[in-house]
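Structure first, then comments.
In what follows, chains are A, B, ... by sequence order, proteins preceding strands, each numbered from 1. Only a predicted model underlies this, so the values are computations on that prediction, with no experimental measurement involved. Atom set for the values below is all heavy atoms of this structure, side chains included, hydrogens, waters and symmetry mates excluded.
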There are 4 protein chains.
Amino acid sequence: MSSVNKVILIGHLGTDPEVRHLEGGSTVAQFRLATNEFYKDKQGNRVERTEWHNVVAWRGLAETVEKYIKKGQQVYVEGKIRTRQYQDKDQQTRYVTEIVADEITMLGGGGRSHGEQQGNQAASQANNATAEPNTFRQEPELNELPF
Amino acid sequence: MSSVNKVILIGHLGTDPEVRHLEGGSTVAQFRLATNEFYKDKQGNRVERTEWHNVVAWRGLAETVEKYIKKGQQVYVEGKIRTRQYQDKDQQTRYVTEIVADEITMLGGGGRSHGEQQGNQAASQANNATAEPNTFRQEPELNELPF
Amino acid sequence: MSSVNKVILIGHLGTDPEVRHLEGGSTVAQFRLATNEFYKDKQGNRVERTEWHNVVAWRGLAETVEKYIKKGQQVYVEGKIRTRQYQDKDQQTRYVTEIVADEITMLGGGGRSHGEQQGNQAASQANNATAEPNTFRQEPELNELPF
Amino acid sequence: MSSVNKVILIGHLGTDPEVRHLEGGSTVAQFRLATNEFYKDKQGNRVERTEWHNVVAWRGLAETVEKYIKKGQQVYVEGKIRTRQYQDKDQQTRYVTEIVADEITMLGGGGRSHGEQQGNQAASQANNATAEPNTFRQEPELNELPF
DNA sequence: TTTT
DNA sequence: TTTT
């Protein structure tokens, strides 16, 4: 206890979010977010490496992702790391590490692709009244790990 | 480009660090760090969930980890997320997500176990002169992903 | 818009928190938190510098601070920077920068001073059920800047 | 000791950076960075509040700021809080709180104003080889507080 | 496998 | 003094 598990990412979405509406009424949105780093290999060559993060958003935040966040967009994501296990098709235990988002902010001024500007305005209205436009926060709530 | 990949953890080590001295002269230290969260399940019962993070430190930071960080200790870790793939014993591709540490700080005032206070003093001397005692930073350097 | 203003501090309280119960029913708690850095001056001497942060907590978080956080304790504080102005006794405009806390976590295992261990247990019960014991979060709410 | 003092900001520059080249050869760059928050006042009206941060960058990071960062640009800033005192014109002690930057990343894809895209490419070459293009890091060094 |  |  007395622990902290915090992740801060700024990157671009590799695909449109996948959204599922669960039987209990919850919504889950998932997308892959790319961050990049550059380093020199042993030969002194400059190499780019892309890290792909599995971002998951729940409930209200998932619904906002569904409406306003698109492939290619640059976003700020704040959340926590969670590794969960599942059985693959051969019944072997596999692990996947995800970033469970608490807050997602659209960066870059928007307006880059079709309808995005409208999206942002709508987002402002849909959003929690105390948050900034283009910033979406997960309401603190039960966190049931329903996978 | 223009991306951010940052992780901040506070937790306790589940085991002593494993340290390897590579043929090229580099040192790598790895340990598992526990963070805990509490939530209510659908029946309203309070459930604790432990997240285990794979922390990796390189070079000077690894050597400091080897000397001063022990099982059970509470530490602050700042770093970045990196997922790498490897072949398991059945030649299947597997993925593991790690936290590559840039900075590790001992918390809790030390003195909890044998020789720790001495350890901290030695650490201050071993450490980068501009950093705080008990705070260890990775020198920015080539980052060759040698796994 | 689309902005981020986030502060993460780990330090020790310089004094017991000052708590005020406002006429509207709100509670405010304030304390000074010390962080330390070490650097070399131009003569190569090692110098320690203490930074004192003005931390402010509101409502439920303030009440928790009042009950469980004491002078000397090591805490993790997450929040945002806010500079506000006021008139000093000579009617001159002065500025003070504060950290408005969203989350406070007790570090170091507690038990260092009188009754602290009991305090932590009580804290677990008083706390938001989905949070960790020893971690206290501000409920997202109207943020009226009543100073 | 064992402390953390970390600030993460995403905002827009209110003015072009002011850059000074000190007699000792050091360079300092300063700019004001705006972050915004929205809240409801007691009457339920939605109010915007802008927080202005004093950002300071030193040495190589200052030179990069001088070359590539302009008024209006959206940037990510990582650094630490520092409050310093000075004597005002009436010989009264005044305090100012600043964010001493360790890392500055240009956001928003650039290309918004004249020559910015070229600027980014030049920046990549000027920059530390292991960092990302558009991300500029302070080299860890003596930190002499020369104000 | 940690911690309280 | 920024941005949408």
Among E/dT3, F/dT1, E/dT1, the one nearest B/Glu48 by side-chain distance: E/dT3
Donor-acceptor pair (no angle test) under 3.5 Å: D/Thr50 side chain, F/dT2 base: yes
CG of D/Leu13 versus C1' of F/dT1: gap in Å, rounded? 10 Å
In terms of side-chain heavy atoms, does B/Arg49 have a donor or acceptor partner in B/Asn36 at a distance below 3.5 Å? no
Per B/Thr15 side chain, nearest of listed nucleotides F/dT1, F/dT3, E/dT1: E/dT1
Decide whether A/Ser3 and B/Thr35 meet the rule of one side-chain donor and one side-chain acceptor closer than 3.5 Å. no
F/dT3 P sits how many Å from A/Asn134 CG, rounded? 15 Å
Please report the distance, rounded to the nearest Å, between CD in B/Gln73 and P in E/dT2. 15 Å
Which whole-number value in Å describes the distance from D/Glu18 CD to F/dT1 C1'? 12 Å
Round to the nearest Å and state the distance from D/Gln30 atom CD to F/dT1 atom P. 18 Å
C/Tyr76 and C/Glu78 side chains, donor-acceptor separation under 3.5 Å: yes
Please report, rounded to the nearest Å, how far the C1' atom of F/dT3 is from the CG atom of D/Leu33. 10 Å
Kindly indicate whether the side chain of D/Asn54, heavy atoms from C-beta on, has any atom under 4.5 Å from the side chain of D/Arg32. yes
How long is the line joining CZ of B/Arg32 and P of E/dT1, in whole Å? 11 Å
Nearest to the side chain of D/His12 - F/dT1, E/dT1, F/dT3? F/dT3
note: D/Asp16, atom CG; F/dT1, atom P; distance rounded to Å ~ 14 Å
Report which part of the nucleic acid B/Thr35 touches: base, sugar-phosphate, or nothing (heavy-atom distance under 4.0 Å, all strands). nothing
